[in-house]
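These figures come from a predicted structure and were not determined experimentally.
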Amino acid sequence: MARTLDTSRPTSPAAGGPAPGRRFRQSAGRQHHAGPLTYVLLALAAVVSLFPLYWNVVAASHTGERVVEAPAPLLPGPRLFDNLTFAWNQVDMGEALINTTIVASLVAVSTVLFSTLAGFAFAKLPFRGRTMLLSLVVATMTIPPQLSVIPLYQIVTDLGWVDQLQSVVLPSLVAAFGVFFMRQFLVEALPVELVEAARMDGAHSLRVIWHVVFPVARPAMAVLGMLVFVQSWNDFFWPFIALTPDGNPTLQVALAGLGAGNHSVDHAIVLTGALISTVPLLLVFAFLGKHIVGGITAGAVKS
């Protein structure tokens with residue numbers, strides 16, 4: 001009696017058929033192209049994001065009376081360079097730019113360095129009271145900064161640092177947010193076996209930090225440095241108390257003295273000064289944006 005072959009059975013992987021997970025892997029490797037709706041939404045988001053900067057340029061190119069009129073101007077005017085010259089000369093914007101660059105750079109570098117070291121200690125170094133100490137560090141984030149202004153100003157006054165840049169830099173050398181941020185990143189990104197292997201090879205603590213911790217933490221350090229730099233660049237509250245417009249002002253302190261007249265404020269000049277303070281940040285993102293994004297995405301994919 002002749003046998004009938006069953007051709008309806010699926011082909012086994014050994015017989016040359018596709019493996020169960022191979023089809024999924026092939027589809028996962030395909031590039032998904034964005035549709036027209038995606039580009040429309042991206043263009044709309046770009047327009048909404050760039051419109052405040054565009055209107056800042058428009059307002060800086062008109063007179064103060066035209067800026068406050070209704071309807072507001074939507075096209076650039078003829079007074080941009082005149083307003084830029086007036087704003088630059090009314091207060092010492094050059095000195096303010098240098099001071100702000102120094103303060104923001106020092107604060108960003110010190111915060112990234114100390115936060116990475118403290119985050120590594122809280123994440124991978126076992127010591128007594130680690131959880132309680134971390135809780136205290138995080139709890140300081142709930143304290144409003146206004147509560148520390150009076151004692152901090154008394155300390156600055158006793159040290160003779162009023163109207164000196166160190167009065168702005170030293171209180172901001174490290175931030176609780178930075179410590180918590182780096183700790184959370186290193187808990188997942190840095191295997192403890194990697195640290196133990198480095199110690200077994202004879203590496204001391206500084207060598208472990210330089211050759212193991214810093215390379216792993218580089219993406220988070222780039223993000224934290226960018227956030228702290230922008231925050232320090234735009235900081236107004238404490239610099240306005242510790243510094244004066246006629247001494248060593250930062251940009252935000254200098255902007256407070258712009259456009260002041262006898263009984264009114266020239267809003268066009270104020271917005272011109274804001275435009276001057278924004279241009280350096282735009283240049284930083286234009287030249288370093290690729291490196292910042294590359295540092296962020298370097299830790300986003302696991303091999």
Side-chain angles (χ1 to χ4, degrees), residues 7-62 67 70-77 80 104 108 111-112 115-116 119 123 177-178 180-191 214-234 271 274-303:
T7 59
S8 62
R9 290 186 305 171
T11 306
S12 62
R22 187 177 303 173
R23 181 180 304 173
F24 174 76
R25 287 195 298 268
Q26 291 177 352
S27 61
R30 296 176 182 173
Q31 291 184 351
H32 298 279
H33 299 282
L37 180 61
T38 302
Y39 289 104
V40 171
L41 293 177
L42 290 176
L44 181 62
V47 170
V48 173
S49 301
L50 294 176
F51 181 77
L53 179 61
Y54 169 76
W55 195 83
N56 195 354
V57 176
V58 172
S61 63
H62 288 276
V67 170
L74 295 178
L75 296 177
L80 178 60
T111 300
V112 170
S115 298
T116 304
F177 168 77
F180 180 75
F181 179 80
M182 295 304 303
R183 187 261 178 190
Q184 293 300 108
F185 180 83
L186 291 174
V187 164
E188 298 293 337
L190 181 62
F214 283 170
V216 173
R218 190 177 301 165
M221 293 170 68
V223 176
L224 180 61
M226 176 184 63
L227 295 177
V228 173
F229 185 87
V230 174
Q231 189 274 333
S232 180
W233 186 278
N234 295 324
L271 291 173
L275 179 63
I276 295 175
S277 66
T278 306
V279 169
L281 290 179
L282 297 178
L283 294 177
V284 169
F285 281 104
F287 288 102
L288 301 180
K290 183 184 298 184
H291 300 283
I292 294 175
V293 174
I296 296 173
T297 57
V301 180
K302 294 183 178 179
S303 57

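Distance alone, capped at 3.5 Å, is enough to place a donor-acceptor pair between the Ser115 side chain and the Thr111 backbone. Between the side chain of Trp55 and the backbone N or O of Pro73 there is at least one donor-acceptor pair closer than 3.5 Å. Formation of a donor-acceptor pair under 3.5 Å by the Ser277 side chain with backbone atoms of Ala274 is found in this model. Tyr54 contributes a side-chain N or O that, together with a main-chain N or O of Leu74, makes up a donor-acceptor pair within less than 3.5 Å.
The distance from atom CZ of Phe51 to atom CG of Asn56, rounded to the nearest 0.5 Å, is 11.0 Å. Here the straight-line distance linking atom CE of Met221 with atom CE of Met226 works out to 14.0 Å at 0.5 Å rounding. Separating the CD1 atom in Ile276 from the CG atom in Leu271 is a distance of 11.5 Å, to the nearest 0.5 Å. Phe185 contributes atom CZ, which lies 10.0 Å from atom OG1 of Thr116 (distance to the nearest 0.5 angstrom).
Contact between Ala220 and Phe181 at its shortest, heavy atoms only, is O-CE2, 3.5 Å. Across all non-hydrogen atoms, the minimal contact from Ser232 to Ala104 is OG-CA, 3.5 Å. Among all heavy-atom pairs drawn from Leu275 and Ala60, the shortest one is CD2-CB, 4.2 Å. Closest heavy-atom contact between Ala189 and Pro191: O-CD, 3.3 Å. The minimum heavy-atom distance between Ala217 and Met182, with the atom names listed, is CB-CE, 3.7 Å. The shortest heavy-atom contact between Ala123 and Leu186 is CB-CB, 4.1 Å.
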Check against side-chain contact (heavy atoms from CB on, under 4.5 Å), Val230 and Phe285: CA-CA 11 Å; Val230 174; Phe285 281 104; 4.2 Å; yes

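Within a 6.0 Å sphere centred on CZ of Phe180, other residues, nucleotides and ligands contribute 12 heavy atoms or fewer.
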